[in-house]
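Computation of the quantities below employed the complete heavy-atom set of this structure, encompassing side-chain atoms and omitting hydrogens, waters and symmetry-equivalent molecules. We count residues from 1, following the sequence as given. When a ligand or atom number is given, it counts from 1 through the structure's own listing order.
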Amino acid sequence: MLEVKDLHVNVEGKEILKGVNLEVKDGEIVAFMGPNGSGKSTLAYVLMGHPKYEITKGKILYNGEDITEMEPNERAKKGLFLSFQYPSEVSGVSVSNFLRTALNSKRESPINVIEFRKLLMEKLQLLKMDKSFMNRYLNEGFSGGEKKRAEILQLAVLEPKMAILDETDSGLDIDSLKTVANGINKIKTNDRSILIITHYQRILNYITPDKVYVLVNGKIVESGGKDLVNELEEHGYAKWGSEESTSEEVKA
Ligand code: ADP
Ligand code: MG
């Protein structure tokens with residue numbers, strides 16, 4: 001489904017990604033791990049086509065098609081979805097209106113309001129979220145956990161073929177983490193793939209990845225199966241010269 005080949009990316013003239021290769025097949029959950037500043041978010045932005053990130057070499061293929069130069073909205077229409085590490089607050093736009101507009105932009109004809117409400121209720125229930133959530137302004141005054149739940153709700157409503165989740169897990173308390181992980185597991189189907197970008201191994205106790213990549217200093221230093229997560233849990237990123245650990249203190 002998604003193939004990244006020898007990707008080199010500059011941000012403000014500095015090379016951040018130094019030849020990244022990555023493959024996500026149909027229906028796979030792939031974990032992309034690395035310490036702070038290794039370039040994980042850079043990869044996420046580049047996959048969505050953020051204009052600030054300059055690709056100097058390499059390419060991105062999506063279902064065999066070269067999307068390296070494609071506009072972000074075109075990528076979204078093709079089924080790519082990025083959940084941000086730091087979602088923005090949008091005052092005056094309710095969660096419900098936002099989701100309906102987003103869904104309609106992907107559809108040929110707009111969804112009927114009643115039908116949409118039904119769909120939204122169903123997804124809220126699936127994710128064990130309160131109904132009142134849909135009338136609140138998007139991310140305004142949301143706690144960290146609520147912002148992440150809102151992202152997962154988007155995922156459930158928009159049903160993208162390829163979801164890229166950038167640090168959806170960091171800073172969550174254990175209940176929110178479980179809800180988010182559960183939501184991701186429920187959304188996952190045989191033709192839907194998920195790229196989980198994370199510093200910490202914690203969320204991978206609830207979601208089993210098919211493949212794991214480790215990024216350090218803009219390069220993939222190791223890849224493997226789910227067992228790699230346990231190895232990282234024990235030793236952190238020290239092997240590659242980073243002192244950072246892969247475990248996060250659980251917030252009360
Ligand atoms: P990670 O998500 O793994 O923590 P990032 O991709 O956010 O890493 O950052 C990798 C490096 O690129 C860091 O050194 C960061 O300072 C730099 N960087 C990322 N985005 C920008 C930007 N928009 N402007 C300037 N530097 C950036
Ligand atoms: Mg990041």
Would you say the side-chain atoms of [X] and [Y] include a donor-acceptor pair closer than 3.5 Å?
X	Y	value
H8	N10	no
N182	K128	no
D173	S176	yes

Is it true that [X] lies under 4.0 Å from ligand 1, counting heavy atoms only?
X	answer
S38	yes
Y45	no
P35	yes

Salt bridge or not between [X] and [Y]? Use side-chain N to carboxylate O under 4.0 Å.
X	Y	result
K239	E231	yes
R202	E233	no
D191	K161	yes

Closest non-hydrogen protein atom to [atom], residue and atom name please, with distance?
atom	value
atom 20 (N) of ligand 1	Y53 OH, 3.3 Å
atom 25 (C) of ligand 1	E12 OE1, 3.6 Å
atom 7 (O) of ligand 1	S41 CB, 3.6 Å

For ligand 1, which atoms sit closer than 4.0 Å to a heavy atom of I16?
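Result: 10 (C), 11 (C), 12 (O), 17 (C).
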Which of the numbered atoms in ligand 1 are under 4.0 angstrom from any heavy atom belonging to N36?
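Contacts of ligand 1 toward N36, numbered from 1: 4 (O).
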Of the listed options [options], closest to [atom] (non-hydrogen atoms):
atom	options	value
atom 5 (P) of ligand 1	T42, V216, N217	T42
atom 13 (C) of ligand 1	G39, G13, G37	G37
atom 18 (N) of ligand 1	L43, V11, I197, V9	V11

Pairing residues for H50 by the ring-ring contact (aromatic ring centres under 6.0 Å, His included) criterion, not counting sequence neighbours
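Applying ring-ring contact (aromatic ring centres under 6.0 Å, His included) to H50 gives Y45, Y53.
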Within the structure, does at least one protein heavy atom fall under 4.0 Å of atom 15 (C) of ligand 1?
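No.
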Applying a strict under-4.5 Å side-chain criterion to I, L, V, M, F, W and Y, I'd like to know whether M134 and V93 cluster together.
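Yes; tracing contacts between hydrophobic side chains, which count when under 4.5 Å, links both residues.
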Mode of K40 contact toward ligand 1 - side chain, backbone, both, neither (heavy atoms, under 4.0 Å)
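Answer for K40: both.
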Between E167 and ligand 1, find which residue part has any heavy-atom pair under 4.0 Å and reply side chain, backbone, both or neither.
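Within the 4.0 Å criterion, E167 makes no contact with ligand 1.
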Test side chain to side chain contact (heavy atoms under 4.5 Å, CB included) applied to K5 - qualifying residues, sequence neighbours left out
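Scan of K5 (side chain to side chain contact (heavy atoms under 4.5 Å, CB included), adjacent residues dropped) gives E3, N21, K59, L61.
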Show every ring-ring contact (aromatic ring centres under 6.0 Å, His included) that has at least one partner inside residues 106-129, sequence neighbours left out.
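Applying ring-ring contact (aromatic ring centres under 6.0 Å, His included) to every pair that reaches into residues 106-129, excluding sequence neighbours, yields nothing.
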I'd like to know if the side chain of K40 and the backbone of P35 have a donor-acceptor N/O pair within less than 3.5 Å.
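Side chain of K40 to backbone of P35, a donor-acceptor pair under 3.5 Å: yes, one is there.
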Can a donor-acceptor pair be found, under 3.5 Å and without considering hydrogens, that links the side chain of T198 to the backbone of M33?
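No, T198 side chain to M33 backbone: no donor-acceptor pair under 3.5 Å.
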Should L153 and L120 be marked as a side-chain contact (heavy atoms from CB on, under 4.5 Å) after you check the CA-CA gap, both sets of side-chain angles, and the distance that decides it?
CA-CA 9 Å; L153 183 63; L120 190 53; 4.2 Å; yes
Closer than 2.8 Å to the Mg ion (ligand 2), which protein N, O or S atoms?
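Sorted hits: S41 OG, Q85 OE1.
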